[in-house]
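See below for the structure under consideration.
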Amino acid sequence: MKYFIINRGDEVSQALHERFIRLADQYGLTLDEEQPDTVLSIGGDGTMLQAFHRYKDQLDRLSFVGLHTGRLGFFADWKPEELDTMARVMARPPEEHPHSFVEYPLLSIELHTADGMESRLALNEFTIKGIEETMVARLDVNDVIFETFRGDGICISSPSGSTAYNKSLGGAVIHPSIPCLQITEIASINNRVFRTVGSPLVLPKHHHCDIYPQAGKRMSFSLDHLGFQRDNLVSIRTSVAKETIRFARYRPYPFWSRVQRAFIGQEPTEF
Ligand code: NAP
């Protein structure tokens, strides 16, 4: 089994990285940066985003696993004190853990500019915002005009991203086994001229959403942890990607337990 490690860069993550390499040697795992079977992320959810973007061209052949070095995240199942167990479990032949992979949906983004089309994938979300002024854009769902948006911007998230920026915007938390995307507004202006639905929309995997911003405006985008700008944008199409991300799950850790621990984190109050 070939592996590679991406760590957050802090002292604790770096030390665990080095310790894992020593353990992996003992268990017969091979370090391979070019074509790993498993990519281990040591750090937080943000570290997994980096790992995903680094290996997004090999999604059909590799899986990801996460070890957290802060609070327990959504993409990381393992704790630092479990490093040894983790290396041992990873070294087991695949036939000994046949059900230990889960596949989660990704977001597909097509940026149509005056120069052509750029295709991107997001694990969490994609956002579009204006730069000098509020963003004005027409939003179509399945090629039918839905609304004219005016405000700070629009966030389109995957189910995995529903617990990230989307949640801060009032979006719903969605189980990542549901292939869908969610559209949330970022500070929309609502008056007699500009009227938006005002609620998050959840689209199934066979639907798509097109955004047509006002022509000639420079726009700012975020794709997970990455940011970029364009001044020649024509439209953006988002849909559920045909690609998925595969996580190695060597033991059960239900999504709703992650949500509970991340956002509530205490025993329910007696009543
Ligand atoms: P960051 O600004 O350093 O961290 C953003 C926070 O989001 C971190 O606490 C990170 O967890 C957490 N996070 C990332 N993915 C998550 C997920 N799927 N579910 C729940 N929490 C998640 O930036 P970053 O670490 O590079 O992460 C980029 C992400 O930040 C974006 O994808 C976006 O979702 C999020 N973001 C959120 C807001 C907001 O909520 N207002 C605004 C901008 C961006 P860790 O500490 O475990 O890494």
Side-chain angles (χ1 to χ4, degrees), residues 5-14 16-17 39-56 64-80 102-109 120-131 135 151-188 200 202 219-229 238 240-241 244-247 249 253-265:
I5 306 175
I6 309 268
N7 82 59
R8 181 161 49 189
D10 59 291
E11 224 173 281
V12 176
S13 303
Q14 186 58 36
L16 286 163
H17 182 143
V39 176
L40 168 60
S41 151
I42 301 181
D45 288 334
T47 320
M48 186 60 85
L49 295 175
Q50 290 175 29
F52 165 74
H53 282 275
R54 173 119 175 233
Y55 286 99
K56 64 182 185 306
F64 296 83
V65 64
L67 182 141
H68 69 89
T69 53
R71 71 180 173 84
L72 198 58
F74 282 87
F75 299 131
D77 310 46
W78 295 86
K79 298 184 227 153
V102 288
E103 290 200 22
Y104 286 167
L106 297 168
L107 186 67
S108 154
I109 301 110
R120 304 285 187 108
L121 283 179
L123 173 54
N124 268 353
E125 78 286 288
F126 173 80
T127 68
I128 170 168
K129 295 179 182 172
I131 296 177
M135 179 181 105
D152 283 2
I154 293 172
C155 171
I156 295 149
S157 67
S158 72
S160 293
S162 69
T163 49
Y165 198 179
N166 167 78
K167 187 171 182 300
S168 307
L169 298 169
V173 173
I174 296 196
H175 195 283
S177 64
I178 303 172
C180 61
L181 61 81
Q182 183 167 189
I183 306 167
T184 43
E185 301 177 357
I186 309 174
S188 59
V202 178
M219 312 297 297
S220 157
F221 309 100
S222 77
L223 183 78
D224 296 337
H225 59 299
L226 308 166
F228 57 100
Q229 299 187 354
T238 51
V240 177
T244 54
I245 182 168
R246 190 181 308 135
F247 289 106
R249 289 268 188 271
Y253 185 10
F255 176 73
W256 297 118
S257 305
R258 290 168 203 257
V259 173
Q260 201 280 342
R261 287 184 73 160
F263 299 116
I264 303 169

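Counting convention: from 1, in listed order, for ligands and their atoms alike. These values consider heavy atoms only, across backbone and side chains, with no hydrogens, waters or symmetry-generated copies.
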Check each atom of ligand 1 against the heavy atoms of [X] and keep those under 4.0 Å away; list them by number with element.
X      : answer
Thr163 : 17 (C), 18 (N), 19 (N), 20 (C), 21 (N)
Ser160 : 18 (N)
His225 : 26 (O), 28 (C)
Phe75  : 18 (N)
Gly44  : 47 (O), 48 (O)
Ser168 : 39 (C), 40 (O), 41 (N)

Which segment of [X] sits under 4.0 Å of ligand 1 when only heavy atoms are counted:
X      : value
Met48  : neither
Ala76  : neither
Tyr165 : both
Leu169 : neither
Asn124 : side chain

Of the options [options], which is the one that meets [X] in a side-chain contact (heavy atoms from CB on, under 4.5 Å)?
X      : options                        : value
Ile186 : Ile154, Asp152, Ile128         : Asp152
Gln182 : Ile156, Leu169, Val173, Asn166 : Asn166
Ile174 : Ser160, Pro105, Pro200, Cys180 : Cys180

At what distance is the nearest protein heavy atom to [atom], and which residue and atom is it?
atom                    : answer
atom 9 (O) of ligand 1  : Arg71 NH2, 3.6 Å
atom 47 (O) of ligand 1 : Asp45 N, 2.8 Å
atom 29 (C) of ligand 1 : Leu49 CD1, 4.0 Å
atom 32 (O) of ligand 1 : Glu125 OE2, 2.6 Å

Does the protein put any heavy atom within less than 4.0 Å of [atom]?
atom                    : value
atom 27 (O) of ligand 1 : yes
atom 5 (C) of ligand 1  : no
atom 11 (O) of ligand 1 : yes
atom 21 (N) of ligand 1 : yes
atom 40 (O) of ligand 1 : yes
atom 2 (O) of ligand 1  : no

Taking the side chain from [X] and the backbone from [Y], do they hold a donor-acceptor pair closer than 3.5 Å?
X      : Y      : result
Asp45  : Gly73  : no
Ser158 : Leu123 : yes
Asp224 : Glu125 : yes

Work out which heavy atom in [X] is nearest to a heavy atom in [Y]; give both atom names and the distance.
X      : Y      : result
Pro176 : Pro159 : CA-CB, 3.5 Å
Leu16  : Pro80  : CD1-CB, 3.9 Å
Trp256 : His175 : NE1-CD2, 3.5 Å

>> Looking at ligand 1, is there an atom of it that comes within less than 4.0 Å of some heavy atom belonging to Gly70?
In response: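 For ligand 1, residue contact (heavy atoms, under 4.0 Å) with Gly70 is absent.
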>> If we only consider heavy atoms of Gly46, is any one of them less than 4.0 Å away from an atom in ligand 1?
In response: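 The answer is yes, since Gly46 has a heavy atom less than 4.0 Å from ligand 1.
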Could you grab the distance from atom [atom1] of [X] to atom [atom2] of [Y], nearest 0.5 Å is fine?
X      : Y      : atom1 : atom2 : value
Leu181 : Ser157 : CG    : OG    : 7.5 Å
Thr163 : Phe75  : OG1   : CZ    : 6.5 Å
Ile131 : Met219 : CD1   : CE    : 7.5 Å

> Quick one: is the NZ or CZ of Arg120 closer than 6.0 Å to the six-membered ring centre of Phe228, and within 45° of its axis?
Replying inline: yes
> N/O to N/O below 3.5 Å, does that happen between Thr47 and ligand 1?
Replying inline: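 No, Thr47 has no N/O under 3.5 Å of an N/O on ligand 1.
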> Which of parallel (below 30°), tilted (30 to 60°) and perpendicular (above 60°) describes Phe221 and Phe126?
Replying inline: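 Taking Phe126 first and then Phe221, their aromatic rings lie parallel (interplane angle under 30°).
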